[in-house]
Amino acid sequence: LIVGKPGAVKDGKVRLDITLSNTTFGQGNEGRTQLQTESTRTITTIRLGEILKLRWDKGSADRQAWAELSVEEVKP
């Protein structure tokens, strides 16, 4: 799950508050389902059209997960 909250555009840049979350499930005690969520929050400033690459998970070097995001200004 990716949740992003953009700020106002100023000088071709925008401030982003981004949260990446990953939920997994497994078996707990007595056959109960166990959910585990790992979240990472990043607050950064990015230029419009620039690609931002964020590491999503703590996986080993060969099993890492990444999210690539870019921002565009949409005028009504």
Side-chain angles (χ1 to χ4, degrees):
L1 176 67
I2 301 174
V3 177
K5 298 176 187 173
V9 176
K10 183 177 179 184
D11 299 327
K13 298 178 183 177
V14 64
R15 182 179 168 142
L16 294 176
D17 182 345
I18 303 166
T19 302
L20 306 174
S21 298
N22 185 35
T23 301
T24 57
F25 73 92
Q27 292 297 320
N29 294 337
E30 301 175 15
R32 296 180 185 185
T33 301
Q34 180 177 358
L35 298 174
Q36 182 174 353
T37 300
E38 181 179 315
S39 296
T40 302
R41 183 178 182 198
T42 302
I43 299 172
T44 188
T45 300
I46 183 173
R47 286 189 185 102
L48 296 175
E50 180 180 17
I51 295 175
L52 176 65
K53 189 173 180 179
L54 300 169
R55 188 171 175 185
W56 192 319
D57 200 354
K58 293 182 182 177
S60 61
D62 61 334
R63 295 185 50 105
Q64 294 179 11
W66 295 83
E68 289 187 4
L69 309 169
S70 65
V71 178
E72 296 181 16
E73 184 176 17
V74 177
K75 296 182 180 180

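No experiment lies behind these values; they were computed from the predicted model shown.
- In the hydrophobic cluster analysis, where Ile, Leu, Val, Met, Phe, Trp and Tyr join through side-chain heavy atoms closer than 4.5 angstrom, Val14 is grouped apart from Ile43.
- We find the NZ-CG distance between Lys5 and Leu16 to be 12.5 Å, quoted to the nearest 0.5 Å.
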### Task
Just do the side-chain contact (heavy atoms from CB on, under 4.5 Å) check on Thr42 and Leu52 with the steps written out, would you?
CA-CA 11 Å; Thr42 302; Leu52 176 65; 5.8 Å; no

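- Within a 6.0 Å sphere centred on CG of Leu35, heavy atoms belonging to other residues, nucleotides or ligands number more than 12.
- Other residues, nucleotides and ligands place no more than 12 heavy atoms under 6.0 Å from the CD atom of Glu72.
- Closest of all the heavy-atom pairs between Ser21 and Thr37 is CB-CG2, 4.3 Å.
- Contact annotation: the side chain of Leu54 never approaches that of Thr40 to less than 4.5 Å [non-hydrogen atoms, C-beta and beyond].
- Criterion: ILVMFWY side-chain heavy atoms under 4.5 Å apart, direct or through other members. Under it, Leu69 and Val3 are not part of a common hydrophobic cluster.
- Residues Arg55 and Leu20 come closest through the heavy atom pair O-CD1, 3.9 Å.
- Between the NZ atom in Lys13 and the CD1 atom in Ile46 there is a gap of 11.0 Å [rounded to 0.5 Å].
- Taking all atoms of both residues into account, the shortest heavy-atom contact from Gly4 to Pro6 is O-CD, 3.8 Å.
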